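Worth saying up front: this structure is predicted, and the values here are computed from it rather than measured. In the text below, chain A, chain B and the rest are named by the order of the sequence lines, each starting its count at 1. The analysis underlying the following values was restricted to heavy atoms, covering all of them including side chains, and did not include hydrogens, waters or symmetry mates.
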4 protein chains.
Amino acid sequence: MDSNRSRPNRQRSALEPQRSRGKLRVASLMEAAAAVIAERGFESATMAEIAARAGSQIGSLYRFFPNKEVLADALIQRYGELINEAFGKIEGRATVLSVYELADSLVDFLVELHGESRAIIALMEARSEWSIKRAAFRNAALHRIAQILMRCSPLLRPETAEAIAVIVLHNMKTMKALTLEQGIATSPGATTELREMNRLYLASKLSEKRP
Amino acid sequence: MDSNRSRPNRQRSALEPQRSRGKLRVASLMEAAAAVIAERGFESATMAEIAARAGSQIGSLYRFFPNKEVLADALIQRYGELINEAFGKIEGRATVLSVYELADSLVDFLVELHGESRAIIALMEARSEWSIKRAAFRNAALHRIAQILMRCSPLLRPETAEAIAVIVLHNMKTMKALTLEQGIATSPGATTELREMNRLYLASKLSEKRP
Amino acid sequence: MDSNRSRPNRQRSALEPQRSRGKLRVASLMEAAAAVIAERGFESATMAEIAARAGSQIGSLYRFFPNKEVLADALIQRYGELINEAFGKIEGRATVLSVYELADSLVDFLVELHGESRAIIALMEARSEWSIKRAAFRNAALHRIAQILMRCSPLLRPETAEAIAVIVLHNMKTMKALTLEQGIATSPGATTELREMNRLYLASKLSEKRP
Amino acid sequence: MDSNRSRPNRQRSALEPQRSRGKLRVASLMEAAAAVIAERGFESATMAEIAARAGSQIGSLYRFFPNKEVLADALIQRYGELINEAFGKIEGRATVLSVYELADSLVDFLVELHGESRAIIALMEARSEWSIKRAAFRNAALHRIAQILMRCSPLLRPETAEAIAVIVLHNMKTMKALTLEQGIATSPGATTELREMNRLYLASKLSEKRP
DNA sequence: GATGAATGAGTGTTCATTCAT
DNA sequence: AATGAATGAACACTCATTCAT
């Protein structure tokens, strides 16, 4: 069954707190949410644990985030902003980077974004029917990647760029997953291999179209 | 009634049905489980829904699978057997296939395996601490892939083969995911791109070492 | 939804209610628990019936007592406090009472303690492996009794006092049981007989050692 | 709730098996039942475990004992016969035993009856509303004890004898309980003390009335 | 606005009992 | 007669969400 166990409040947006007290609280709430979701996954994360880890009470949590879904959306949105910035930096340097450097920047992108990235992956893995925002997030990321690719290699057709972006995004996630489970099970050379594959691939797609 | 109510039955394996009636039921139960888990993910899949979808009663489900974990393990094991067979076929032809053909056989591997594959992916995505069997499954797949690679390119060092296998397995999963969400969101060229990346990568890793 | 569903909350102590509303509820919950357990025994008592009898919802019960075991422990602990007080009174008068009076005070001890005593006996009869608190309760009672005996008869060796205490405690429980089933089956003279046996026994153990 | 979970078969008596095969099976079933009930208590003992421990199938168990209650009754009845015999022996020697010897014979009675005695105690401790047979068993034991006492001390009034019997029966159970938990928690001198109390008591009740 | 108590449907699991083969 | 599969109500426990203070 899905998570809307009972009497869900369908009001869609997180309350904007007016005072800095409230802003602090919201920040610690979101941090806690990210941590708990990263540890347990979206479904297993409980609102009670999130509140407790933030040193708040369940009532406070619900004051700012009227339900779990909204909380997830807020997390995604915040992360989206971070990601946008980070993509912006890469995009700015797209023309001065070698193809290999660009490939590496992309594949290490999620890894270098510390903080809540694990939570976001957990969120994106959760059943995607749940939130349109999740799909939007994915599409935004895809677009940014495509744009970077096209800036690097202007002759690329947009549809091709999108298709490549899908692959690159997958590689990014794989790299993140690999570094998360590092030392546990995976052979240590895997990240090197992934980086190599990604370089090879992007080189073949971008170099030829480069001016 | 008694306090054992709360200790789940830790008996570790699924009951082998003794009668044809039971065998049929077990089959339909596993099919239903695969369907429900594929739809909702492991955690959201409820035992009640699985039983209902199999046209059984909850008690019947628990007769054969003493808990949800065992049910998941059984699914994984059965799928593991299918996969083993299929890997066997590829391995047999490893020396006669071109590198590109081999690369394509591998990326398309999961896609061509119909049946419960989606459920199995959902299962593997579920927190992996949960079951040793899950890790074992992954390792087995990794080994098979590494062996195929080494058969194709005998000079490959085993550790390198394992590292490549990790990447190839990820590509296989990505391909499966791509075909599952086909038409929903992803640009249609993505599968072509993935196939291309995989070819490029394996060609670079295998060709040079080929006798 | 998540697999944690089946692992019971192992948090070991009852929540202390913070508001007067909660305190009232906890009191009525414990009262109801005592009643239901007294009627049906620990295992047959259901959390649902306890909640219902307290006019609460199952969720409220679990808010304060995270599992059945903790509820039982809380009952035992509360009763333990009552018992401690009562033992204190007897101990204070141990030196001024005649042996017969002391003997009678002890056998009638549990009988005179009304309230949840029946539930507590049911609890103590439940498999004792279940809770260390249960064993601790028993040992505490034994110690108190032994101390009373030694105060009354200072030359008694501690080990002997402990051994006598075991017997006296059994007599106390027997008396309680006898009065509970009074009129149902037992011959009415039994309580008189028990009192007599207990007097005889304690007189023989204590008198000779009296200063 | 009580144990009649669903569609109980109210037919009251255990089927008498005609062939020795059947008798053997019934015997092993009862033995298994006694063992499991002794270990877990009546409520926690499951019909499935009983069948399994007897090397039978649940269906076989239900063939001979149409429900759990009947099984318990059969156990009690069989034990009643054993007890009757044993009481008979004591009764036969009542006039030649010293009072102390008689007291010891009685208090050690249950202890010396090995086998299922623990199961029977578990059964008798189970809520007594459940079976009239259980009350009957208790009354029979009480009667036998009273008779022994009266044979030993013929001037005893029957009502007094019954009242004493109640006490003696409790002592018997206490002794059994003490030996069962021996070494676990109880001070080792307790059994000696119990024996002494019982002697003292019976000596005072019987000696004076002896011819 | 913060707190924490209340709600109750839902979840995994058990087990006495029945019944078809 | 024996086997083992089927039934389903009951149980302990969880958690998103609401609400009174």
Side-chain angles (χ1 to χ4, degrees), chain A residues 1 3-9 17 19 21-22 25 44-49 51 56-63 66-69, chain B residues 1-9 15 17-22 25-26 43-44 46-49 51 56-64 66-69, chain C residues 1-9 15 17-22 25-26 43-44 46-49 51 56-64 66-69, chain D residues 1 3-9 17 19 21-22 25 44-49 51 56-63 66-69:
Chain A
M1 252 36 6
S3 71
N4 305 328
R5 207 75 73 84
S6 53
R7 287 157 292 160
N9 179 342
R19 321 246 207 98
R21 262 284 280 301
R25 176 133 297 182
S44 295
T46 72
M47 295 298 268
E49 184 175 358
S56 291
Q57 229 60 37
I58 187 86
S60 288
L61 178 50
Y62 272 89
R63 166 154 301 280
N67 60 52
K68 209 177 170 184
E69 204 67 2
Chain B
M1 186 147 291
D2 58 1
S3 74
N4 302 14
R5 192 73 49 145
S6 58
R7 26 167 154 123
N9 185 345
L15 207 67
Q18 316 283 29
R19 302 189 186 175
S20 66
R21 183 93 163 288
R25 179 126 300 180
V26 164
E43 319 220 340
S44 296
T46 76
M47 296 297 268
E49 184 176 0
S56 292
Q57 222 60 36
I58 189 72
S60 293
L61 176 51
Y62 274 90
R63 168 162 186 83
F64 296 109
N67 57 55
K68 206 178 171 184
E69 197 71 359
Chain C
M1 182 147 291
D2 59 2
S3 75
N4 302 14
R5 194 70 53 138
S6 58
R7 30 167 149 124
N9 182 345
L15 207 67
Q18 317 281 29
R19 301 189 185 176
S20 66
R21 185 93 162 286
R25 180 126 299 181
V26 165
E43 319 221 340
S44 296
T46 75
M47 295 298 268
E49 184 177 359
S56 292
Q57 223 61 36
I58 188 73
S60 292
L61 177 50
Y62 274 91
R63 167 159 186 85
F64 297 107
N67 59 54
K68 208 179 170 183
E69 198 71 359
Chain D
M1 239 80 320
S3 71
N4 306 327
R5 207 78 71 85
S6 54
R7 288 157 290 163
N9 177 340
R19 319 246 208 99
R21 264 283 279 303
R25 176 132 300 183
S44 295
T46 73
M47 296 298 269
E49 185 176 358
S56 291
Q57 228 62 36
I58 188 90
S60 289
L61 178 51
Y62 272 88
R63 166 155 300 282
N67 60 51
K68 210 179 170 184
E69 203 69 0

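Contact record, B/Tyr62 with B/Asn67: CE2-CA, 3.9 Å, taken as the closest heavy-atom pair. For the residue pair C/Lys68 and C/Glu43, the shortest heavy atom distance occurs at NZ-O, 3.2 Å.
Across the protein-nucleic acid pair, B/Leu61 atom CG and E/dT14 atom P stand 12 Å apart, rounded to whole Å. In this structure, C/Met47 atom CE and E/dA9 atom P are separated by 19 Å, rounded to whole Å. Distance, B/Glu49 CD to E/dT11 P: 9 Å, rounded to whole Å. For the pair A/Glu69 CD and F/dT17 C1', the computed distance is 14 Å after rounding to whole Å. For the pair B/Phe64 CZ and F/dA6 C1', the interatomic distance rounds to 9 Å; values are reported in whole Å. For the pair C/Glu43 CD and F/dA12 C1', the interatomic distance rounds to 13 Å; values are reported in whole Å.
Residues C/Ile58 and C/Arg63 each lie close to DNA chain E; by heavy-atom proximity, the contact nearer the 5' end of the strand is made by C/Arg63.
C/Ser56 pairs by the side-chain hydrogen bond (donor to acceptor under 3.5 Å, both in side chains) definition with C/Arg25, not counting sequence neighbours. Every side chain to side chain contact (heavy atoms under 4.5 Å, CB included) that D/Ala48 has, sequence neighbours left out, goes to D/Thr46, D/Ile58.
Taking side-chain N and O atoms only, A/Tyr62 has a distance below 4.0 Å to OP1 or OP2 of F/dT17. Residue C/Arg25 places at least one side-chain N or O under 4.0 Å from the OP1 or OP2 atom of E/dA6.
Comparing atom distances between the D/Ser60 side chain and each of F/dA5, E/dA6, F/dA2 picks out F/dA2 as nearest. Checking E/dG1, F/dT7, E/dA16 against every side-chain atom of D/Lys68, the shortest atom distance belongs to E/dA16. The side chain of B/Gln57 sits closest to F/dT7 out of F/dT7, E/dG4, F/dT17.
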For DNA chain E, the dot-bracket pattern of Watson-Crick and G-U pairs whose distances stay under 3.5 Å, | for other-strand partners: .||||||||||||||||||||
